[in-house]
Amino acid sequence: MEAFLREVQEVVKRYPQKRAAILPALYLAEQRFGWLSQEAYEAVAEALNMPKATVKGVATFYSMYRKAPMGRNLIQLCTNVACMVMGAETLLQLLERRYGLRPGGTTEDGRFSLVVMECIGACDRAPAMLVNKDFHPNLNENNIIEILEGYS
Amino acid sequence: MIRLTIDGIEVELEEPVTVLEAARKVGIKIPTLCWFEGLPPFGGCRLCLVKVEKLPKLQTACTLMSADGMVVETENPEIRAARRAMLEFLLINHPLDCPYCDKAGECELQDLVAKYGPEAGRFAEGKRRHPESFDDPIIVRNMERCVLCTRCVRVCEDLQGAYAITVTGRGAHSFVEPFSGGRYDCEYCGNCLTVCPVGAIMSRLHLHSYRPWFVQKEAETVCSYCGVGCRMVVQVRENSIIRTIPRFGLGVNDGLLCVRGRFGYDYIEQKERLRTAFIRKDGELRPVSIEEAIEYTAKKLLQIKDTNGPETIGAIASGRCSNEDNYMLQRLMRFFIGSNNIDSSARLYYIPIVQYLERIFGQGVTANLMPGIGRSDGVVVVGGDPTRINPVLGLQIRACHRNGGKVVVFGPSGGLKRFVPYELRPRDDEALLVAVLKALIEKKGMPGENKNLEERLKEIEVETHDVLREASIEEPLFDTLVGDLLGLQNPVVVVGPEVLQAERPSRVLFLVAGIVYLLGARVFVMSDRPNYQGLMDMGCLPDMLPGERPIELETFRHKVESVMGRPVPDKAGMNLFQMLEMAKEGNLKALYVMGDNLYYHMPDAEEALQSIDFLVVQDIFMTETAERADVVLPAAGWTEKEGTFTNLERRLQRFEKSRTPLGCMEDWRLLAELMAHMGDERPPRTVAEIWDELVQVSPLHIGINPREIGPEGMIYPYHGEPLRGVEGEFDVEALKGPYGGGPEGLRLILDRPLYHSGSQSRRSRALRSLQDSPVLCLSPEDARDLGLEDADMVRVTSSKGMLKVKVAISEDVASGTARLSNTFSEVHFSRLVGIRQDPVTTGGVFTDNLVKIEKLPSEGSEEVME
């Protein structure tokens, strides 16, 4: 908790006032707590001296914060036009067969969560996915498993 | 000067206001949904759209500032179509469950659709679903009905300052939620449900039990819980209260209420209410008719008066009873018993604090207007948490902070935490007070107005640094504090009951008075009963006649005697403590207790009450005191009688009767009947007749006709201006110091919680649903040292007794103290402590309050261990 407070203090320095740091602070909380639990909101509220209800209100407004428990690794697979044409849907089926993973779901062992993305801007190298912060282009049924096996 | 035209009417404005407000000034009502008087404009609902000449699109009148030469149209086919379209959007998701919704009939959305349409929606998609939340004991949320006007969120943030609810999610999936998503766990002021225009946030107390058009009668009344005197309207059907609502623009509370006022009213209709009188026969209380009980009481009182003398009879007045009730009680004592032995529980802190300050500054020093707190540039709080003792006064302090004022709290800041820039938690309040006072004297110098006070102030000889070290306050923090205080132009000091809980209460009070004087501040004294000030004004004091005129002055006595045609006993009577002492010695033969649970909240009262030969208790419940009485008289309660209260700013407020009680009688009427049996040929038979007499007796109330008191009440006789500049005599103990100190150990302190106020709130189901059992509040530091966690069961032992209670760890408790309230019947504060009377201020100081706290192995019951 103290380490988290220190991280937030670092971020706060970049802004004219404490509450301006709420979005990066939420991001830090997401990293520390895995997802934005009630506990995470409370930690952010305390760090920024803001009402906890207000923190929750801000966080839930944004769609890309994790507001439910997530696996250790987040797979964001694009299924937009270019990726779809290049076989992204087959990859989805493969993920379900191999890991029991459906869009929006998490594997039982908590290893992976899967989110279906609308275009990640890699149409020239479709199909593509993000695993956590890593970008993986030119996927096929073989290399996707290989890549994913590298994440524990 | 701004001139604009609205619907062809010329409007002239001194100050620029919004078009909406400008229109209201000339009586044009532009429809709104998200706009709410007192809240900042939001511009979210788009219903106040108006056409402004030369502007291409329709404009929201609530956010558009009026400008010179503007030509505005508020109704035309284009505007109507736009409003209809906005309403159609709202109805996409708003369920049409009006037949089932409590709000139907007073729903703003319903009214607007009735006016503008649409008759039917064109959207075939299903409505969003979000199940009604019954997670909370007293507030129901139905977010399917929410139109996202955010009035509730704004009232919670801007007026209540609680920040308990927020809009979560986005777009059509936005919902208003408390942090937990379920229970509110907030201050439960309920102001969110006052402002909700639809049935999205509703009170659970009367869910599905009424329709708005069932209200048969409305009575304007004053809340019966604390000394703020919030105005509210009681709505009644079939002689039963449906609900209480506040009105915006009315009274000191201006539409805001606190949890006790809004939800705690149900005590009045509990089955436990007394419906008959009782007389003790063969050791048991037996029900009898009121007439029989009164006749018996009159006979007994006269008998004791003749045999033992009038000075062996005493009376206890009530801060819960009206001015009229209290006036009649002192009338009984002075003119029909012939004794000045009359006092009340206000003696514990309210009377001593007010009288002490009056001795220094002159009568009426606390007659200041509460809205002035919000408008001041700084508030100093000492001796208690106003957001709990007087919650709506606390809101004024929050408002002061919001308006840029400085808030300084001596002690834990409690409900003001968010509003205090630096929290001062000294080890010793007294040491900090004296340090602040010294610093103010050094930096500001004496104003030279009150010679008496200044001479005493000069006697303080302490070194600021020494005291600061003693109080464990850091110097830089202290310097900012003093700097802030010195900069105040228009400050306020709010004084609470705990200032008297010291080794030398007079010295703490004197220090507070010194700060008041040097800052030139207005002073407010917290009052946890609705009519402490009123009972003082009515002469329920052993040494004062009605109008707070000293008995020892012959001229005042003569004036009263000439009106009453009866002598006024010329010797000052006994105060509360002296009466109980007399009783213990066997010298108080009879005690008449009106609306006070003395046995329960007065430590060590048991022996005294047992020694009294004839104890009469007049109350609305069979209280612990009533159970020990020889006669119990059933009294009418709040909203069951008309009358007046005088609040802590000395505002005289009239309240109406809303319902007729069964089997009981107004306190003043019981007393009038009693006097009729004791030789009074013309006892007052109506409230108006009481006033006819009162205005002749009390110089404070000359010329008042209670019927003429309007909804704003009457600030009388001070007109909101204290009578300053009267230099009186006062004593201070040990002014030269040493300051601070006191016994080492954990001290038990009387808790005055938000949800409860004692034997009245205990009988409110609504308030019990928020807190149903006693808790011992401990600071996180002490809990850690004792190895305790939240909700652990502990045994608390003092030299007076021992009891088991659950622990609640709270930041709002100063370390070195534990807090327990006087709320629940078995486990409560007074059982563990003693009390002594401070000789200088005459107030009560709790003693024997050093406690030992031990953790109990497992969840035990809360029964008392003897």
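Below, read A as the first sequence line, B as the second, and so on, with proteins coming before strands; counting in each chain starts at 1. Scope of the values below: all heavy atoms of this structure, side chains included, with no hydrogens, waters or symmetry mates.
Among A/S63, A/G57, A/A59, the residue with the largest count of heavy-atom pairs under 4.5 Å with chain B is A/G57.
Summarising the local packing, CD of A/Q38 is surrounded by more than 12 heavy atoms from other residues, nucleotides or ligands at distances under 6.0 Å. Residue-environment remark: CZ (B/F134) exceeds the threshold of 12 foreign heavy atoms within 6.0 Å. Around CE of A/M50, the count of heavy atoms belonging to other residues, nucleotides or ligands within 6.0 Å exceeds 12. Summarising the local packing, CD of A/Q31 is surrounded by more than 12 heavy atoms from other residues, nucleotides or ligands at distances under 6.0 Å. Under a cut-off of 6.0 angstrom, the local environment of CD in A/E39 is sparse, with at most 12 non-hydrogen atoms contributed by other residues, nucleotides or ligands. By the 6.0 Å contact criterion, CD on A/E149 is enclosed, its count of non-hydrogen atoms from other residues, nucleotides or ligands being greater than 12.
Summarising the geometry of B/R418 relative to A/N49, their closest heavy-atom pair is NH1-O, 4.3 Å, with the distance given to 0.1 Å. Nearest heavy-atom pair, A/A53 versus B/A164, reported as atom, atom and distance to 0.1 Å: CB-O, 3.6 Å. The shortest non-hydrogen separation linking A/T60 to B/T168 is OG1-CA, 3.2 Å.
In this structure, A/T54 and B/E157 have side chains that are in contact, with non-hydrogen atoms separated by less than 4.5 Å. The shortest distance between side-chain heavy atoms of A/E42 and B/F179 falls below 4.5 Å.
How far OG of B/S180 is from NZ of A/K56: 7.0 Å, rounded to the nearest 0.5 Å.
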